[in-house]
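One structure is given here, and the rest of the page talks about it.
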Amino acid sequence: MGVTALTALIVWPMVSSRFLRNEPDGSVSSGGATWADLPFHMNIAASFLYGTNREFDYRRTEAAFYAGSRLVYPLLPDFHAACLRVSGMSWRMSFLLPALFLAVSASALLYAVNWRLTGSRAAAVLSVLLVMCAGGTGSFEHWIERGWSHATRVAWDVDPVQADREGGRQEILWFAYFGHVFLPQRPATYAIPLILIVILLLVLAMTEGVPLQQSAIVLRLAAFVAGILPLFQAHAFVGAVILCSVLFIMDFDRWYTHMDLLWRGWLTAAFIGLALSAPQLPVYIGRVASSREQRGFLRFSWTAMSSFNRGFWRTWFRALTLHVPVYSLVFGIVSVVLLALALADLERLFGVRGYFPIVERIQNRVVHLLRGLAPAFSGPSHYWRLKFFPAFAAVFVFCNLFLIPPWVKDNVKLVYIWLFQAAGVVGYLLVRLWRRGGPLGKLLAPLILFFMIFSGLLGIRREWGG
């Protein structure tokens, strides 16, 4: 309830002042980060009520802004807005209320996911805050360039999340969660809660002690939700496919010894997801196959993201401060533990001896380190949580190797799926530092948190006014 109330308090000033506000002179205005996207989506919604798509046919939905051209874009969110308009709501409420309610539900779902993945309510709350206020070093660069008073002032021409003191030559690669991605991006507004539902169902299906029959049922539910994601956003669907594929491999130790889980769970789920998504995918074929101006959908590039700010680490530090270094450290430790568990499974299932004395010593030390650093991820009853690290890491790696044009920053919509888990890991370590770090920990934890969310907080403040 606290998380949902906090989200509503943060989002309401944004949507109430940005979505078609009635001015005293009788005019209507929109502003902030919604100024460009809102008319675009209103155009599509209006086409279902008054325009070219009034006689609706999903096979030949037209792009209202390019007469005679097919709409190669998810239409369901804007169709929903048109339905609300028909029900009697104003244009303002048809876009405002779904954005508000979906933002609140996304925060509640993110809390639920990270509560289960970390076992800590405090870490789950921090994960919501870290995602809301993900902003990198923009405000600090703004502060260095223009001074503290200007950095903390609401200025229409400066975005504190992406402010760049290098004269715009090396703009910071990031969006603000609410200001740039969630609120104006109608597909993302629906897709983010849906992908969080998929993640939560996968977590529930793989939790230690869950009966295998129940696990199979939940996997099928996750596949159903994942299968309808192309109706809302291709990025979220790609992320769901990556997560499910890697988790299927990581869950080998369960389905190999219990074939019902393989057939009634994973394989049936794959069939459901494919059956639902396949008819929708041809909509994107034109973009997938296009090489015009090198803007083909999912274009491979070794330097897709790492060259944005002259190198991988510099790019992601400016974009997300400590998220990537901290996650990389934990993932490195987790990888050694996962390798040891895989070797143990090979020996147990196939009688293959994979241990050497030196490997066992390294494994014991790493497990001891993980137990001291993050006990929520160590011990037999918690090892199921480790399976999610390679899955989310695969999403992050994919984002760094493939571009999702037409705009390079569209990759950020997929990066957020990785950030959902990464924020939980960082939040958990901050809670550990506060509780176990003594006086120094109680000093460092708030300072680190402030450093990671300050740009995002200023970005939210900018969306509230100015």
Side-chain angles (χ1 to χ4, degrees), residues 2-3 6 107 110-140 143 177 203 208 313-314 316-338 340 361-390 392-393 396 418-458 460:
V3 167
L6 173 65
S107 291
L110 180 60
Y111 169 84
V113 166
N114 280 315
W115 174 28
R116 286 161 176 79
L117 284 180
T118 65
S120 168
R121 292 179 183 271
V125 172
L126 282 183
S127 74
V128 176
L129 184 63
L130 287 165
V131 169
M132 281 184 185
C133 301
T137 63
S139 61
F140 299 97
W143 174 19
Y177 179 65
V203 170
E208 181 72 24
W313 293 106
R314 188 176 190 274
W316 286 114
F317 180 77
R318 293 186 81 202
L320 282 172
T321 60
L322 299 178
H323 275 101
V324 176
V326 171
Y327 190 88
S328 299
L329 172 64
V330 177
F331 181 66
I333 299 171
V334 165
S335 297
V336 176
V337 178
L338 284 172
R361 285 198 294 270
I362 294 173
Q363 171 204 332
N364 292 335
R365 291 183 180 181
V366 171
V367 170
H368 180 74
L369 175 62
L370 182 64
R371 188 179 298 114
L373 180 68
F377 304 114
S378 65
S381 62
H382 301 309
Y383 281 150
W384 65 271
R385 291 175 175 148
L386 302 185
K387 296 178 179 180
F388 287 87
F389 279 86
F392 283 95
F396 183 72
W418 167 81
L419 185 61
F420 293 148
Q421 191 213 14
V425 173
V426 172
Y428 178 76
L429 293 179
L430 286 174
V431 171
R432 289 280 297 168
L433 181 61
W434 172 267
R435 292 176 176 173
R436 303 291 181 180
L440 182 61
K442 287 181 169 52
L443 175 65
L444 286 177
L447 288 177
I448 294 172
L449 180 63
F450 172 79
F451 177 67
M452 297 183 72
I453 68 174
F454 184 58
S455 293
L457 285 172
L458 289 186
I460 288 174

>> Looking at Arg385 and Arg116, would you say the former's side chain and the latter's main chain have a donor-acceptor pair under 3.5 Å?
In response: yes
> With a 6.0 Å cut-off on ring centres, are Phe377 and Tyr428 close enough?
Replying inline: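 Ring centroids of Phe377 and Tyr428 are less than 6.0 Å from each other.
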> Does the ring center of Trp316 lie less than 6.0 Å from the ring center of Phe396?
Replying inline: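 That pair passes the under 6.0 Å test.
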Which value, rounded to the nearest 0.5 Å, describes the distance between [X] atom [atom1] and [Y] atom [atom2]?
X	Y	atom1	atom2	result
Tyr177	Leu110	OH	CG	6.5 Å
Ile333	Arg371	CD1	CZ	13.0 Å
Leu338	Lys387	CG	NZ	9.5 Å
Leu433	Leu429	CG	CG	8.5 Å
Arg436	Leu373	CZ	CG	13.0 Å
Leu322	Met452	CG	CE	5.0 Å

> Between Phe451 and Phe317, how do the two ring planes meet: parallel, tilted or perpendicular, split at 30° and 60°?
Replying inline: tilted
> Between Phe454 and Phe140, how do the two ring planes meet: parallel, tilted or perpendicular, split at 30° and 60°?
Replying inline: tilted
>> So if I apply the side-chain contact (heavy atoms from CB on, under 4.5 Å) rule between Val326 and each of Ile448, Val426, Leu430, which one comes out positive?
In response: Val426
>> Can you tell me which residue among Asn114, Val113, Val3 is in a side-chain contact (heavy atoms from CB on, under 4.5 Å) with Ser127?
In response: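 Looking at Asn114, Val113, Val3, the match for Ser127 under the side-chain contact (heavy atoms from CB on, under 4.5 Å) is Asn114.
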>> Quick one, Val131 with Phe420, criterion side chain to side chain contact (heavy atoms under 4.5 Å, CB included). Give me CA distance, side-chain angles, the key distance, then yes/no.
In response: CA-CA 7 Å; Val131 169; Phe420 293 148; 4.1 Å; yes
For the residue pair [X] and [Y], what are the closest heavy atoms and their distance?
X	Y	result
Pro446	Gly441	CD-O, 4.2 Å
Gly136	Ser455	O-OG, 2.9 Å
Ile460	Met132	CD1-O, 4.2 Å

>> Does Trp384 have more than 12 heavy atoms from other residues, nucleotides or ligands lying within 6.0 Å of its CH2?
In response: yes
> Which is it for Glu208 and His382 under the side chain to side chain contact (heavy atoms under 4.5 Å, CB included) test, yes or no, and what are the steps along the way?
Replying inline: CA-CA 7 Å; Glu208 181 72 24; His382 301 309; over 6 Å; no
> Does the side chain to side chain contact (heavy atoms under 4.5 Å, CB included) test come out yes or no for Ser120 and Arg432, once each step is laid out?
Replying inline: CA-CA 10 Å; Ser120 168; Arg432 289 280 297 168; over 6 Å; no
>> Tell me every residue that passes side chain to side chain contact (heavy atoms under 4.5 Å, CB included) with Leu457, counting only those two or more places apart in sequence or in another chain.
In response: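 In terms of side chain to side chain contact (heavy atoms under 4.5 Å, CB included), with neighbours along the sequence ignored, Leu457 is linked to Cys133, Ile453.
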>> Which residue is it: Phe389, Tyr327, Phe392? I am looking for the one with a ring-ring contact (aromatic ring centres under 6.0 Å, His included) to Trp418.
In response: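 So, applying the ring-ring contact (aromatic ring centres under 6.0 Å, His included) to Trp418 and each of Phe389, Tyr327, Phe392, only Tyr327 qualifies.
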> Can Val125 and Leu6 be said to form a side chain to side chain contact (heavy atoms under 4.5 Å, CB included), step by step?
Replying inline: CA-CA 10 Å; Val125 172; Leu6 173 65; 5.9 Å; no
> Got Thr118 and Val431 here, is their nearest side-chain heavy-atom distance under 4.5 Å?
Replying inline: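 Answer no - side chains too far apart.
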